[in-house]
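Before any comments, here is the structure.
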Amino acid sequence: MNYWLMKSEPDTFGIDDLQRKPEQTEHWDGVRNYQARNMMRDDMQPGDLVFFYHSNCAEPGIVGIMQVVKAGYPDFTAFDPDNIHFDPKSRPDNPTWFMVDVKFVRELARNITLKELKEKSELAELALLRRGNRLSVMPVGAAHWDFILGLE
DNA sequence: GCCAACGTTGGC
DNA sequence: GCCAACGTTGGC
């Protein structure tokens with residue numbers, strides 16, 4: 001089993017929104033970055049656990065845990081001209097973009113903030129804290145996963 | 001709202 | 001294939 005972190009802006013789709021979804025499950029659409037696409041298409045498997053990270057907000061940080069419930073499949077929002085994530089170069093017979101389905105597992109007892117994560121030397125190699133850190137989907141090593149949960 | 005750090009696009 | 005211009009992300 002592998003561990004991941006996925007970012008979302010709480011103003012657009014926060015962990016509360018996931019919790020309110022039918023079956024508390026949602027397709028993680030709209031990722032338009034090739035590195036993130038590759039991970040969702042090739043590497044993320046049902047059963048994998050995912051940190052839900054709130055970005056672009058007052059207190060960015062890890063707020064909960066999700067589980068992958070469906071492996072990578074074509075992101076159909078790319079096919080819909082009326083969708084904000086429409087991309088004409090992605091076609092149903094040769095899709096460019098992929099997504100996974102995730103299910104709410106639980107909220108963390110508290111927001112483990114970016115600020116706090118940055119203070120931990122144990123997390124220096126965490127992808128979230130590395131150069132650029134703009135990927136919206138990234139892997140988390142098992143040791144990092146356990147360490148972060150230990151902060152809760 | 002600013003701006004640094006990207007990734008993408010397109011002219012050449 | 002290079003690289004400048006542009007758009008986006010996301011912390012602050």
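As a basis for the values below, the full set of heavy atoms in this structure was taken, side chains included, without hydrogen atoms, waters or symmetry mates. All chains are named by letter (A, B, ...) in the order of the sequence lines, taking the proteins before the strands, and each is independently numbered beginning at 1.
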Angle between ring planes, A/Y34 versus A/W97, binned at 30° and 60°: parallel, tilted or perpendicular?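 Tilted: the ring planes of A/Y34 and A/W97 meet at 30° to 60°.
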
More than 12 heavy atoms of other residues, nucleotides or ligands under 6.0 Å from CD of A/E119: is that the case?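 Yes.
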
Using a 4.0 Å heavy-atom cut-off to protein, can you give one letter per nucleotide of nucleotides 2-10 of chain B, 5' to 3': B if the base is in contact, S if only the sugar-phosphate is, - if neither? ---BB-S--

Can a salt bridge be assigned to the pair [X] and [Y] using a cut-off of 4.0 Å between side-chain N and carboxylate O?
X      : Y      : answer
A/R32  : A/D75  : yes
A/R110 : A/E59  : no
A/R106 : A/E152 : yes

Considering the terminal five base pairs at each end of the helix from B/dG1-C/dC12 to B/dC12-C/dG1, what angle separates the two local helix axes, rounded to 10°?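 Its terminal axes enclose an angle near 10°.
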
Quick check against the 3.5 Å criterion: does A/K7 have a side-chain atom that pairs as donor or acceptor with the backbone of A/H54?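 No, the answer is negative, given that no donor and acceptor are paired below the 3.5 Å cut-off.
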
If only atom types and distance count, is the side chain of A/R41 paired as donor or acceptor with the main-chain N or O of A/Y73 below 3.5 Å?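 Here the side-chain-to-backbone pair does not exist.
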
Touch class at under 4.0 angstrom, heavy-atom based, for A/K118 against every strand present: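 Counting heavy atoms under 4.0 Å across all strands, the contact made by A/K118 is with sugar-phosphate only.
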
Could you give all pairs that pass the ring pair (Phe, Tyr, Trp, His ring centres under 6.0 Å) test and reach residues 120-151 of chain A, with sequence neighbours left out?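 Passing the test, one end in residues 120-151 of chain A: A/Y3-A/W145, A/F51-A/W145.
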
Distance below 4.0 Å between A/K7 side-chain N/O and C/dG11 OP1 or OP2: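 For C/dG11, neither OP1 nor OP2 has a side-chain N or O of A/K7 closer than 4.0 Å.
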
